[in-house]
Amino acid sequence: MRRPLPETGADWSDLKTRMLDYAGGDVRWREGKTAVYVFNAGPEVERVQKEAYVLFMSENGLGPMAFPSLKRMEEEVVGFGLSLLHGPDEAVGSITSGGTDSITMAMKAARDYARKAKGVKGPLNIVLPRSAHPAFDKAAAVMEIEVRRTPLKDFLADPEAMAAAADAATVMIVGSAPCFPFGLIDPIGALSQLALSRDLWLHVDACVGGYIAPFVRMNGGDVPPFDFELAGVRSMSADLHKYGYCAKGASTVFFRSAELQSFMIFDMSDWPGGRMVTPTLAGTRPGGAISAAWAVMNFLGVEGYRAKQGLVTRTRERIEAGVRALGFTVLGAPQLGLVAFSRDDVNCLAVWAKLRERGWFTSMTTEPAGLHLMLSPFHAEVADTYLADLAWALSAVTGQTAPVAVEARYS
Ligand SMILES: *Cc1c(COP(=O)(O)O)cnc(C)c1O
């Protein structure tokens, strides 16, 4: 809809007031009642994110020669990720704008590898467990690659079904660590075996898990091997702006070798503007997203992440116990920060809607219908309130079975 740009400019202080007024209708995530979209590691981390972002807000990661600072910070952040995810000496990576960007670029690399290195002709496909993120479908739509989603077994990827779906035109098979809907780590070990035995490109989508799983394991959690430690894993995605607690607009994509990564990089000189080499989907890359990631990772360090992730897993365990006491079944055995639970004698969507009346904004699952929480360190302070409000919502809707209308999520 057209809207005239104001003829004259306004004072910043007035604009700030108006923007805060716009924000009046937003979820109050700083109070901890939001368990989707936002990762709340507390005010100290938020301050580091903000100040570090603003320092390099105008700088552009597209120009590493002009901004060696950003190049250096990117290399250091990528190095941290590779060391956390058992990258071999030859492994490399890039910072991207987000999980969708990381996944799209990994798929482009796998597609070009299939065409150029393996000589695959004709239509291509990708094999995903049903729980994999829609970012793969989006990238496949852009690249005209067929998507083959295979059924789950106990909420996890089924390597046998994936083996049956893959063929000579399969450019990539995917396992999630963890998947978003249930927060469960797929059997990456078995997928790695499959990839090695059939020479398939295995991508591990650790967008939501890459920066929590290593620390949960250091804390003694029961996390199975899921990263480059497994020889069949060729690429990985891990989002800094999720459990890395960095500012939004930052993810990492990793490759087992520079040779594999070379299929991702776009190198173009056939125009009047000279040669332009871009590793990721973006041209201009916000310097602030890179500098904030660098600052937060160095601010927290292993110790800080272990403490934050310990809070997350303890909160998840508390919530699991609480929802079980209310008659819900936890879907699978989550190990990280996401948990989904359902009760087939209760309309879970109605419970979800009821909880919104008390300010809770969370996610849902549909197969089966259930409630879904993506927990942040800050949730430790509100877990008991959540459980009390869940008990209240449950009693309010018990007996109600008519489906409630729920607006679409855009996540
Ligand atoms: C969030 C997420 C993505 C997509 O990341 P965006 O940063 O939202 O683009 C992909 N896979 C999984 C498992 C995710 O949780």
Side-chain angles (χ1 to χ4, degrees), residues 78 81-93 99 102-120 124-133 135-136 139-140 145 147-153 156-179 184-210 213-214 217 223-238 252-264 335:
V78 164
L82 284 171
S83 91
L84 290 168
L85 299 171
H86 298 100
D89 291 343
E90 320 76 60
V92 292
S102 291
I103 285 168
T104 302
M105 294 318 290
M107 270 179 68
K108 183 221 177 262
R111 192 268 319 260
D112 288 2
Y113 176 84
R115 290 279 191 232
K116 293 176 188 164
K118 289 176 85 181
V120 181
L124 302 170
N125 69 75
I126 173 173
V127 175
L128 308 175
R130 189 157 171 73
S131 53
H133 195 276
F136 290 97
I145 293 173
V147 177
R148 298 181 179 170
R149 280 185 180 257
T150 56
L152 304 178
K153 208 169 162 184
L156 298 172
D158 176 1
E160 278 178 35
M162 290 178 66
D167 58 25
T170 299
V171 298
M172 179 185 269
I173 62 171
V174 173
S176 307
C179 68
L184 303 173
I185 301 176
D186 284 329
I188 310 294
L191 295 179
S192 170
Q193 287 297 320
L194 169 63
L196 291 172
S197 68
R198 302 259 301 267
D199 189 24
L200 293 162
W201 181 305
L202 171 59
H203 178 86
V204 172
D205 179 12
C207 274
V208 73
R217 187 186 267 165
V223 176
F226 69 96
D227 58 22
F228 289 114
E229 179 178 7
L230 298 165
V233 177
R234 286 195 195 162
S235 59
M236 293 189 71
S237 43
T252 39
V253 60
F254 301 115
F255 296 87
R256 180 168 285 281
S257 69
E259 197 236 326
L260 295 178
Q261 189 198 36
S262 71
F263 294 96
M264 169 174 87
Q335 300 298 333

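Position 1 is the first residue of the sequence; numbering continues from there.
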Check whether any side-chain heavy atom of Leu202 lies under 4.5 Å from a side-chain heavy atom of Ser192, and answer yes or no.
yes
Under the side chain to side chain contact (heavy atoms under 4.5 Å, CB included) criterion, do Val223 and Ile185 qualify, and how do the steps go?
CA-CA 8 Å; Val223 176; Ile185 301 176; 3.9 Å; yes
Begin with the C-alpha distance, continue with both residues' side-chain angles, and end with the deciding distance and a verdict on side chain to side chain contact (heavy atoms under 4.5 Å, CB included) for Tyr113 and Leu260.
CA-CA 7 Å; Tyr113 176 84; Leu260 295 178; 3.8 Å; yes
Does the Ser257 side chain pair with the main chain of Glu90, one donor and one acceptor, at a distance under 3.5 Å?
no
Main-chain N/O of Ala140 paired to Arg111 side chain as donor or acceptor, under 3.5 Å:
no
Taking NZ in Lys118 as the centre, count heavy atoms belonging to other residues, nucleotides or ligands within less than 6.0 Å. Is the count above 12?
yes
Any carboxylate oxygen within less than 4.0 angstrom of a Lys/Arg side-chain nitrogen, looking at Arg234 and Asp199?
yes
Does Phe228 offer a backbone N or O that forms a donor-acceptor pair with the side chain of Arg256 under 3.5 Å?
yes
Tell me whether Arg130 contacts the main-chain N or O of Leu152 through its side chain, where contact means a donor paired with an acceptor under 3.5 Å.
no
Taking every non-hydrogen atom, the tightest pair across Leu194 and Ala163:
CD1-CB, 3.6 Å
A side-chain contact here means heavy atoms from C-beta on lying under 4.5 Å apart; do Pro129 and Cys179 qualify?
no
NZ of Lys108 to OG1 of Thr104: how many Å apart, nearest 0.5 Å?
12.0 Å
Take Phe254 and Val78 through the side chain to side chain contact (heavy atoms under 4.5 Å, CB included) test and state the conclusion after the steps.
CA-CA 8 Å; Phe254 301 115; Val78 164; 4.0 Å; yes
Can you tell me how far the CG atom of Asp227 sits from the CG atom of Leu82, to the nearest 0.5 Å?
10.0 Å
Tell me, yes or no, whether the heavy-atom count around Glu229 atom CD, taken from other residues, nucleotides or ligands under 6.0 Å, exceeds 12.
yes
Closest heavy-atom pair and its distance - Val92, Ala258:
CG2-CA, 3.7 Å
If every non-hydrogen atom of His203 is compared with every non-hydrogen atom of Ser237, which pair is closest and at what distance?
NE2-OG, 2.9 Å
Do we see a donor-acceptor contact under 3.5 Å between the side chains of Ser176 and His133?
no
Under 3.5 Å, side chain of Arg198 to main-chain N/O of Ala166, donor-acceptor pair present?
yes
Starting at CG of Asp158, measure out to OG1 of Thr150 and round the result to the nearest 0.5 Å.
6.5 Å
Does the pair Leu85 and Phe226 meet the rule for a side chain to side chain contact (heavy atoms under 4.5 Å, CB included), with working shown?
CA-CA 9 Å; Leu85 299 171; Phe226 69 96; 3.8 Å; yes
From Asp205 CG over to Ile188 CD1, what is the distance, rounded to the nearest 0.5 angstrom?
9.0 Å
Spacing of Leu191 atom CG and Ile173 atom CD1 [to the nearest 0.5 Å]
5.5 Å
Measure across Ala135 and Ile103 and return the closest heavy-atom pair with its distance rounded to 0.1 Å.
CB-CD1, 3.9 Å
Here the gap from Trp201 atom CH2 to Met172 atom CE, rounded to the nearest 0.5 Å, amounts to 6.5 Å
Residue pair Met162 / Ala157: nearest heavy atoms and the distance that separates them
SD-CB, 4.0 Å
Looking only at heavy atoms, what is the nearest atom pair of Phe255 and Met105, with distance?
CZ-O, 4.5 Å
Within the side chain of Arg148, is there an N or O that forms a donor-acceptor pair under 3.5 Å with the backbone of Leu128?
no
